[in-house]
Every structure is written in C-alpha cells, then in structure tokens.
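Each residue takes its place number in the sequence, starting with 1.
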Amino acid sequence: MWHAARAEEKKVYSAMDMMRQRAERRREWIAKRSIDFTQLLRLTGVPCKMFHDTVQFEVQRSGGSLVPWRGHADNQVDRFDVRALLDYIPEYDNTHASARRRA
C-alpha cells in the first residue's frame, strides 16, 4: 500500500518540479523580450531655411510665440516646438526590476 502512495508522491513532486522549471524558463523568455519602449525613442532634426519676414522676426524676438513648458513660466519653448508635445518620461530605475526578478 505504501509503495503506491510513494509512487504517487513522486509523480506529484515531479510535476511540481517540472512546473517550477517551466515557470523559470518562461520568466527568462519574457525578460529577454521585455523592452523599455522609451529607449526606442529617437529624435532627429534637419536644418531648415529661415525666410526673412520682419513681422515674424519681431514676434520671435519679443517672445510672443513662446509658451511655458510643463507649466514652468521660467522655462519657455516655441509653441511649435516638439518638446511641448512630449509627455514626462521618468528616468528608468533598475532597482525595482531586479527586486521583481529576485521575488
């Protein structure tokens, strides 16, 4: 009787071990494919020609087309500047990722 119980116990432990190994492999697979999409952000610029328009020049020079950036009145950008459209992207903190991997 105890032989059958021992055989079933071995099967259960074997299944648990296989599930644990599969979970570890899956965790590694996901970690390899997980990327921080903010690291993929690439900005490029090209030179442009400025046309001589005295009215536009005076508006630019006086700061009439400048708007506060992220609500800071002391930090102003042109209203057509792409930085005004970007969201705030915090710096990546690696300590949380390593703590999750250890858990």
Side-chain angles (χ1 to χ4, degrees):
M1 181 85 180
W2 65 274
H3 291 292
R6 179 69 178 147
E8 287 298 317
E9 185 180 18
K10 282 185 179 181
K11 285 182 188 177
V12 169
Y13 280 123
S14 175
M16 287 172 45
D17 191 41
M18 287 186 338
M19 287 173 31
R20 181 186 52 79
Q21 289 174 352
R22 181 179 181 271
E24 288 175 2
R25 285 193 311 267
R26 186 169 188 262
R27 198 173 311 128
E28 290 172 5
W29 184 84
I30 290 172
K32 285 180 186 175
R33 282 147 184 86
S34 316
I35 56 173
D36 184 15
F37 290 106
T38 58
Q39 299 299 320
L40 298 177
L41 182 64
R42 299 289 184 257
L43 300 176
T44 57
V46 294
C48 65
K49 291 186 178 184
M50 296 296 290
F51 296 99
H52 297 288
D53 184 5
T54 55
V55 175
Q56 284 294 332
F57 175 75
E58 290 301 324
V59 169
Q60 292 289 335
R61 189 171 184 187
S62 68
S65 67
L66 298 179
V67 294
W69 188 42
R70 293 188 186 161
H72 299 290
D74 58 336
N75 191 4
Q76 294 190 341
V77 296
D78 186 66
R79 64 186 176 137
F80 298 111
D81 195 339
V82 71
R83 291 176 289 180
L85 300 175
L86 292 176
D87 289 333
Y88 173 71
I89 301 173
E91 290 293 324
Y92 181 70
D93 188 10
N94 195 18
T95 57
H96 297 297
S98 60
R100 277 185 284 172
R101 274 185 254 142
R102 279 187 253 133

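- Between Arg27 and Glu24 there is no salt bridge, since no side-chain N of the basic residue sits under 4.0 Å from a carboxylate O of the acidic one.
- Residues passing the side chain to side chain donor-acceptor pair (under 3.5 Å) test with Arg33: none are found, sequence neighbours excluded.
- Chaining together hydrophobic side chains whose heavy atoms lie under 4.5 Å apart leaves Trp2 on its own.
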(Q) Between Lys11 and Glu8, does the salt bridge (Lys or Arg N to Asp or Glu O under 4.0 Å) criterion hold? Intermediate values first, please. (A) CA-CA 5 Å; Lys11 285 182 188 177; Glu8 287 298 317; 3.6 Å; yes
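- With sequence neighbours left out, Lys10 forms a salt bridge (charged side-chain N to carboxylate O under 4.0 Å, His left out) with no residue at all.
- Listed by chain and residue number, Arg20, Gln21 satisfy the side chain to side chain contact (heavy atoms under 4.5 Å, CB included) test with Asp17 (two or more places apart in sequence, or in another chain).
- Taking a 4.5 Å side-chain heavy-atom cut-off between Ile, Leu, Val, Met, Phe, Trp and Tyr, the cluster of Met16 extends to Val12, Tyr13.
- Scored by the side chain to side chain donor-acceptor pair (under 3.5 Å) test, Glu9 finds Arg6 as partners (sequence neighbours excluded).
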